[in-house]
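Encoded as structure tokens, the structure appears first; notes follow it.
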Amino acid sequence: MEVMTVLHMNKGTGETSYAKNSTLQSKIISVAKPFVEEAILEVLCSNIPESLGIADLGCSSGPNTLSVISEVIDIVHAKCVNMRRLSPEIRVYLNDLPGNDFNNIFMSLPEFHKKLKVDKGAGFGPCFVSGMPGSFYGRLFPRKSLHFVHSSSSLHWLSQVPSGLDGKAGPTLNKGKLYISKTSPECVARAYADQFKRDFVLYLESRSAEMVTGGRMVLSLMGRISNDPSAESAFLWELLSLVLMAMASKGLVEETKVDSFNAPYYAPSTEELKSEITREGSFTIDYLETFEASWDYFGCGEEYVPFSGERVAKMVRAVVESMLESHFGGGILVVMDELFRRYAEMVDDHLSKNRAKNILVVVSLTRREAPQSL
Ligand SMILES: C[S@@+](CC[C@H](N)C(=O)[O-])C[C@H]1O[C@@H](n2cnc3c(N)ncnc32)[C@H](O)[C@@H]1O
């Protein structure tokens with residue numbers, strides 16, 4: 001599977017679109033908000049730059065995309081008013097893979113600019129918003145052009161299916177499973193961890209070149225407290241593999257296709273994140289915190305409300321449908337509704353017996369001063 005060309009959230013604004021099924025991701029954005037605020041204020045504290053560069057990486061399309069940017073702009077505006085300073089010009093770069101529904105974002109920009117003018121006054125800005133299609137696992141922006149980088153619910157997607165698990169050569173190593181499972185051979189977990197490390201270091205190196213010294217970056221992604229990679233959020237993949245295998249036994253999908261599908265996803269442990277950030281060396285860790293994230297509960301003192309299988313199924317469908325279609329072929333479209341109906345039932349059953357644990361990691365980083373070259 002070529003992740004770069006295949007992966008995209010469900011487009012448009014229909015029933016199965018990402019725009020309609022991204023409330024979990026929206027909650028994740030709110031959980032990270034205090035970290036974003038702290039980071040932006042820190043960027044502006046010593047010296048407000050004439051031109052402020054902000055990037056949202058893995059922005060997708062839908063209500064979350066411009067909500068993050070609006071939040072950042074509100075913080076900048078409030079700070080400038082507070083300091084009785086003119087606001088800087090703001091360059092906003094919205095990045096995602098080329099298959100993302102950028103058209104949908106661009107269509108909403110006139111309304112966004114109009115609201116900005118009404119809320120902040122004609123003297124604010126100007127604010128230049130542009131799209132940057134491409135993979136964040138590599139350079140996207142000119143050197144030292146960014147002061148703040150944000151990425152939410154995106155960095156758990158790998159650049160590719162881990163080598164050796166892509167079914168291109170040799171035997172299928174992870175039969176009947178889509179991700180690391182309790183029954184997966186050890187080499188599967190190793191291949192996933194190695195791929196994550198390679199990708200994450202490349203991500204850090206690329207941002208290191210693009211960010212100014214003292215620039216800040218806030219990343220929120222699915223991760224792990226447990227050392228066991230088949231624990232916590234892995235249950236979503238485990239249940240999807242059980243549904244696909246049940247459908248394969250009825251001849252509704254090809255079993256060999258289930259055997260050869262491995263999701264380009266990895267939820268790293270906090271230790272893995274810290275160790276790669278330290279090893280790469282361009283950033284200091286200001287904060288690294290974990291939250292238990294489910295539909296209606298983030299471990300922030302709210303009451304625990306179990307989420308419904310139907311809602312989980314809609315969220316998972318909006319995210320993985322493009323990959324399923326690419327891997328299984330167009331034939332799977334005929335049984336897609338059935339697949340996610342069964343998945344919703346299975347999630348309901350699972351959640352009636354277990355408390356789901358999705359661990360969200362929020363990490364806030366500062367770009368270190370580069371060592372003086374000789
Ligand atoms: C679950 S969505 C999150 C979107 C948005 N940030 C939010 O919080 O709602 C993950 C996004 O990351 C994007 N993505 C995954 N891998 C990427 C990569 N290598 N480069 C750029 N975007 C990527 C996907 O295309 C998808 O739009």
Side-chain angles (χ1 to χ4, degrees), residues 1-13 16-33 35-36 54-72 92-105 108 131-141 149-162 195-196 198-207 210 217-223 233 236 263-268 291 293 295 298 312 314-323 326 358 360-362:
M1 182 197 314
E2 284 300 327
V3 174
M4 175 93 169
T5 47
V6 167
L7 180 63
H8 63 78
M9 306 297 101
N10 277 359
K11 299 184 187 203
T13 51
T16 60
S17 65
Y18 181 74
K20 280 261 161 69
N21 295 288
S22 46
T23 40
L24 175 65
Q25 291 85 349
S26 151
K27 283 216 163 203
I28 289 173
I29 290 170
S30 1
V31 170
K33 191 173 170 181
F35 297 87
V36 169
I54 294 167
D56 188 33
L57 307 185
C59 64
S60 197
S61 98
N64 296 351
T65 304
L66 291 175
S67 83
V68 171
I69 295 310
S70 304
E71 191 181 301
V72 171
V92 174
Y93 303 104
L94 299 173
N95 154 261
D96 208 293
L97 292 171
N100 183 51
D101 196 352
F102 281 102
N103 274 344
N104 195 35
I105 306 178
S108 57
M132 174 50 77
S135 172
F136 48 52
Y137 296 121
R139 287 288 301 277
L140 292 164
F141 306 105
V149 173
H150 177 264
S151 179
S152 191
S153 302
S154 302
L155 266 164
H156 41 244
W157 291 108
L158 300 172
S159 68
Q160 60 169 79
V161 174
Q195 186 63 47
F196 173 76
R198 269 196 298 278
D199 283 346
F200 191 52
V201 164
L202 183 55
Y203 174 90
L204 293 172
E205 284 170 355
S206 310
R207 302 302 80 77
E210 296 162 353
M217 174 152 73
V218 175
L219 312 173
S220 317
L221 66 155
M222 297 319 289
S233 67
L236 289 171
Y265 167 95
Y266 186 69
F291 298 85
W295 233 262
F298 278 86
V312 176
K314 281 185 164 176
M315 182 281 277
V316 172
R317 179 172 183 170
V319 172
V320 305
E321 193 164 351
S322 66
M323 284 180 277
S326 154
N358 284 314
L360 167 70
V361 186
V362 180

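First listed ligand is number 1; within each ligand, the first listed atom is number 1. Just so it is clear, the structure is predicted and the values come from calculations on it, not from any experiment.
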- Considering non-hydrogen atoms only, spot the tightest contact between S220 and I28 and give its length. CB-CG2, 3.9 Å
- Does some side-chain heavy atom of S108 sit less than 4.5 Å from a side-chain heavy atom of L66? yes
- Here the gap from Q25 atom CD to L360 atom CG, rounded to the nearest 0.5 Å, amounts to 11.0 Å
- Message: Strictly under 4.0 angstrom, heavy-atom based: which residues surround ligand 1?
- Response: L7, M9, Y18, Q25, I29, G58, C59, S60, N64, N95, D96, L97, G134, S135, F136, Y137, S152, S153, S154, W157
- Note on the structure: Smallest heavy-atom separation, F102 atom then D96 atom, equals CZ-N, 3.6 Å
- Task: Identify, with sequence neighbours excluded, every residue that meets side chain to side chain contact (heavy atoms under 4.5 Å, CB included) alongside E71.
- Result: I29, K33, V36
- Query: How far apart are the closest heavy atoms of G134 and P98, and which atoms are they?
  - Reply: N-CD, 4.1 Å
